[in-house]
There are 2 protein chains.
Amino acid sequence: MTLPATENAPAENTAVENAAIESPATESPGDDLIELLFFAYRDFVGDPDRILAQYGFGRAHHRVLHFVDRYPGLTIAELLDILRITKQSLNRVLKDLIEQDYIVQKTGTSDRRQRLLFCTERGTALAGDLIRVQTRRVTRALADPEDGILEVGTSEDKSSASGASSGKSSEGGTVSAQNFLLAMIEPEERATVRRLMARRARSAA
Amino acid sequence: MTLPATENAPAENTAVENAAIESPATESPGDDLIELLFFAYRDFVGDPDRILAQYGFGRAHHRVLHFVDRYPGLTIAELLDILRITKQSLNRVLKDLIEQDYIVQKTGTSDRRQRLLFCTERGTALAGDLIRVQTRRVTRALADPEDGILEVGTSEDKSSASGASSGKSSEGGTVSAQNFLLAMIEPEERATVRRLMARRARSAA
DNA sequence: TGAAATATGTCAATAACACTGACATAAACC
DNA sequence: GGTTTATGTCAGTGTTATTGACATATTTCA
């Protein structure tokens, strides 16, 4: 990420670097989380994307493979309900995965209309590779002290976080969720995101 | 969501309903978070989608409008870097938003090559509507006691969560991040997600 | 048993969102 | 004045999704 913040921003963002993100009173406490969720998810799906590209698969294939791997015997209907797509969309990617021997279908025993889905050895292997990179990111986000996730709120002030109380520290989960999502972002880009969000915080002050 | 879990699952999922999600020792502590992130994000973008559809806009329009609204004066290059798309992709949606008077471009003052982006009144209004529904979800996720977000870890056991310690309660942020994401899921579907994930937990036990 | 509902599969057309590659213009930089 | 930078645009393509219609096998139930 190469946001030329120092050039384009008003120019006084120097010490904000490592400061915690602070919300001005004009905003809801969850506003930062909305953007952090976007950035976290962006990087979260970026890891597997690189692996999938080598196999000629996309995110849709990943989602199917993931859920079939983790919930063996899943039916088509269940999968459709999880993924929230149409059966036509599912069929396209499922066909790929079956033809290339990553997933197999078995006729249901109690209800022979159902097609129970299972991963083959190949499928399990790929699913494992994919979940590994994602687990690594999540685990690091939960564990790395530098990422500040350990500064979990000590349960003081459990009374909601709805009002615009503008505090920057622990209030009932805000901070830990915020830190978790921030830590999910690619390390080299975390500073850029902090810088960007600090820019908004300042302009609204 | 209408996963017919009771029908299709082995049939013994009765008391799991309100239980906290428990990870078997064979898995990484972040494994649940991977799926929760998927479900949370799915519902998170679902709210604005419904509004956007009424305007004939999609998610791409939303993202552009959101960032321009919150960071007025953003340049094209900055936006491209935030969204991680090509300028061709950006231009398609940006053109829509400009033509329909949601966003305006102003030539940069210090660098006249730049096009600084700003929301019009219309743009701010729509962006406000969109952020409102998302803030509502996030705020509720942070505040609602029934969602269990208040059971934030009391900073006991700060020593990472990397090992497969299989505990279900507070260890350095795991629970609060998990509860936050779970609370982000559409309430009526939370039970279904819990049921699904419990299904895996059981089978691996 | 036979009609209705269910689970799945498939054909066809379309849309949203992304990509690559190539090329053009204006302004800044040196 | 030549190079780089910021932006815009044309053309073609790919992935993922959609709607609508229809087909098949199986289960359910009256």
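These values consider heavy atoms only, across backbone and side chains, with no hydrogens, waters or symmetry-generated copies. Residue numbering restarts at 1 for every chain, and letters A, B, ... go by the order of the sequence lines. Here the structure is a predicted model, which means the values were calculated and not measured.
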Is [X] near enough to [N] that one of its side-chain N or O atoms lies under 4.0 angstrom from OP1 or OP2?
{"X": "B/Q88", "N": "D/dA11", "value": "no"}
{"X": "B/S89", "N": "C/dC17", "value": "no"}
{"X": "B/T86", "N": "C/dA18", "value": "no"}
{"X": "A/H61", "N": "D/dT15", "value": "no"}

Out of [options], whichever nucleotide has its closest atom nearest the side chain of [X]:
{"X": "B/K87", "options": "D/dT9, C/dA7, C/dA18", "result": "D/dT9"}
{"X": "A/R113", "options": "D/dA6, C/dA7, D/dT19", "result": "C/dA7"}
{"X": "A/N91", "options": "C/dT8, C/dG9, C/dA18", "result": "C/dG9"}
{"X": "A/V93", "options": "C/dC17, D/dT16, D/dG8", "result": "D/dT16"}

Sugar-phosphate, base or nothing in reach of B/R59, heavy atoms under 4.0 Å: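 The answer is sugar-phosphate, as B/R59 gets under 4.0 Å only of primed atoms, P, OP1 or OP2.
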
Student check: side-chain heavy atoms of A/L117 and A/F67 closer than 4.5 Å: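 The answer is no; the side chains never approach within 4.5 Å.
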
Measure from [atom1] on [X] to [atom2] on [N] and round the result to the nearest Å.
{"X": "A/I76", "N": "D/dA25", "atom1": "CD1", "atom2": "P", "answer": "17 Å"}
{"X": "A/L74", "N": "C/dA7", "atom1": "CG", "atom2": "P", "answer": "14 Å"}
{"X": "A/L90", "N": "C/dA7", "atom1": "CG", "atom2": "P", "answer": "15 Å"}
{"X": "A/D49", "N": "C/dA18", "atom1": "CG", "atom2": "P", "answer": "13 Å"}
{"X": "B/Q114", "N": "D/dG8", "atom1": "CD", "atom2": "P", "answer": "11 Å"}
{"X": "B/L116", "N": "D/dG8", "atom1": "CG", "atom2": "P", "answer": "11 Å"}
{"X": "A/R92", "N": "D/dT18", "atom1": "CZ", "atom2": "P", "answer": "10 Å"}
{"X": "B/L80", "N": "D/dT5", "atom1": "CG", "atom2": "P", "answer": "16 Å"}

First of A/G56 and A/T109 reached from the 5' end of DNA chain D, by closest nucleotide: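 The residue closer to the strand's 5' end, by nearest nucleotide, is A/G56.
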
5' precedence on DNA chain D between B/K95 and A/R115 (nearest-nucleotide basis): B/K95

Salt bridge A/R195-A/E189, side-chain N to carboxylate O under 4.0 Å: no

Worked check of ring pair (Phe, Tyr, Trp, His ring centres under 6.0 Å) between B/F57 and B/Y102: CA-CA 12 Å; B/F57 291 145; B/Y102 289 90; 5.3 Å; yes

Which atom of A/A183 lies closest to which atom of A/R140, heavy atoms considered: O-NH2, 4.3 Å

Any donor-acceptor N/O pair under 3.5 Å between D/dT26 base and A/R112 side chain: no

Given B/L37, B/D31, B/I34, the one that forms side-chain contact (heavy atoms from CB on, under 4.5 Å) with A/Q134: B/I34

